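Here's the structure we're looking at; comments come further down.
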Amino acid sequence: QVQLQESGGGSVQAGGSLRLSCVASDNRNCRAWFRQAPGKEREGVAAIYTDVFTDDTNTFYADSVKGRFTISQDNYKNTMYLQMDNLKPEDTAMYYCAARLHCDGGSWNVGTEFGYWGQGTQVTVSS
């Protein structure tokens, strides 16, 4: 059982920045950030996947956050990060980290494919 714990959420004004962290009790090759705003469906924000055979790392982003958010990881710390810059009010949501063994460009944002989830951290962006 992999346990995930998010931190770093908060309230900022539009144009501001936040960095979310997700610490995992065990490493999984594919880690992702999802978000869910009140009354809306959960959506994939970004994911990072490391191929254990080639050691190549791929990142995936939702179109709505490309150029503003950056996903990264520190494998020694089993920690994943989401640097969020130029935040907009529409980024307001509960952000969750999730993990699974494998993901690719076609499945990184499919929440039902992820077996491990954190409790979430709230991000609120005011205009």
Side-chain angles (χ1 to χ4, degrees):
Q1 184 76 8
V2 178
Q3 295 181 332
L4 304 172
Q5 180 63 58
E6 306 94 337
S7 62
S11 298
V12 296
Q13 291 189 328
S17 298
L18 285 173
R19 188 175 84 152
L20 305 183
S21 299
C22 174
V23 179
S25 60
D26 193 7
N27 197 18
R28 286 296 182 269
N29 299 331
C30 177
R31 290 180 274 194
W33 290 98
F34 288 78
R35 67 185 181 187
Q36 188 166 22
K40 294 187 177 181
E41 292 188 356
R42 181 177 60 193
E43 64 171 342
V45 177
I48 187 165
Y49 172 67
T50 299
D51 188 312
V52 294
F53 298 106
T54 66
D55 209 29
D56 290 337
T57 298
N58 293 305
T59 57
F60 310 100
Y61 294 94
D63 288 342
S64 59
V65 305
K66 281 181 181 177
R68 300 188 298 122
F69 291 11
T70 304
I71 191 170
S72 62
Q73 64 186 3
D74 183 336
N75 287 329
Y76 292 104
K77 297 180 180 179
N78 275 353
T79 302
M80 173 179 64
Y81 305 97
L82 185 68
Q83 177 66 40
M84 306 186 295
D85 298 318
N86 191 19
L87 282 160
K88 303 177 180 180
E90 51 263 43
D91 294 318
T92 295
M94 184 71 79
Y95 283 69
Y96 301 89
C97 66
R100 56 187 283 205
L101 284 177
H102 174 82
C103 60
D104 55 32
S107 68
W108 71 268
N109 58 350
V110 180
T112 53
E113 297 292 325
F114 286 79
Y116 304 103
W117 291 85
Q119 295 299 308
T121 185
Q122 178 68 38
V123 171
T124 303
V125 184
S126 58
S127 58

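In this text the structure is predicted, and so the values were computed from the model without any measurement.
- For the atom pair N58 CG and C30 SG, the distance stands at 10.0 Å (nearest 0.5 Å).
- Of the inter-residue distances, the one linking S25 atom OG with Q1 atom CD reads 8.0 Å to the nearest 0.5 angstrom.
- Side-chain contact check for Q3 versus V23: every heavy-atom pair is 4.5 Å or farther apart.
- The side-chain heavy atoms of D74 and Y81, taken from C-beta on, include a pair separated by under 4.5 Å.
- Put simply, W33 and V123 are part of the same group of oily side chains (I, L, V, M, F, W, Y) that touch within less than 4.5 Å, one to the next.
- In this structure, CZ on R19 lies 7.0 Å from OG on S72, to the nearest 0.5 angstrom.
- In this structure, CZ in R68 is found 9.0 Å from CG in D85, a value given to the nearest 0.5 Å.
- More than 12 heavy atoms of other residues, nucleotides or ligands sit less than 6.0 Å from atom CD of E90.
- The neighbour count for Q119 CD, taken as heavy atoms of other residues, nucleotides or ligands under 6.0 Å away, does not exceed 12.
- In this structure the side chain of R100 reaches within 4.5 angstrom of the side chain of S107, judged on heavy atoms.
- To the nearest 0.5 Å, atoms NZ (K88) and OG (S127) are separated by 13.5 Å.
- In this structure, L101 and N29 approach most closely via the heavy-atom pair O-CB, 3.0 Å.
- In this structure, the side chains of D91 and M84 stay at 4.5 Å or more apart for every pair of heavy atoms.
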For residues 42-51, please give each side-chain donor-acceptor pair under 3.5 Å, one per line with the distance, not counting sequence neighbours.
from, atom 1, to, atom 2, distance (Å)
E43, OE2, R35, NE, 2.6
E43, OE2, R35, NH2, 3.1
Y49, OH, H102, ND1, 2.9
T50, OG1, T57, OG1, 3.1
T50, OG1, Q73, NE2, 2.8
D51, OD1, F53, N, 2.7
D51, OD1, T54, N, 3.3

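- In plain terms, the two heavy atoms of Q122 and A93 that are nearest each other are NE2-O, 3.4 Å.
- Screening Y116, Y96, F114, W108 for a ring-ring contact (aromatic ring centres under 6.0 Å, His included) with F34, the sole residue that qualifies is F114.
- In this structure, L20 and E6 have side chains that are not in contact, with every pair of non-hydrogen atoms separated by 4.5 Å or more.
- Note that OG of S7 and OH of Y95 are 15.0 Å apart. Values are rounded to the nearest 0.5 Å.
- Side-chain contact between I71 and Y61: present, with at least one pair of heavy atoms (C-beta onward) separated by less than 4.5 Å.
- Between M80 and C97 there is a side-chain heavy-atom pair separated by less than 4.5 Å.
- Residue S21 comes nearest to T79 through the heavy atom pair CB-CG2, 4.4 Å, listed as atom of the first residue, atom of the second, then distance.
- Salt bridge K66/D63: present, at least one basic N to carboxylate O contact under 4.0 Å.
- L18 and V65 end up in the same hydrophobic cluster when Ile, Leu, Val, Met, Phe, Trp and Tyr side chains are linked at under 4.5 Å.
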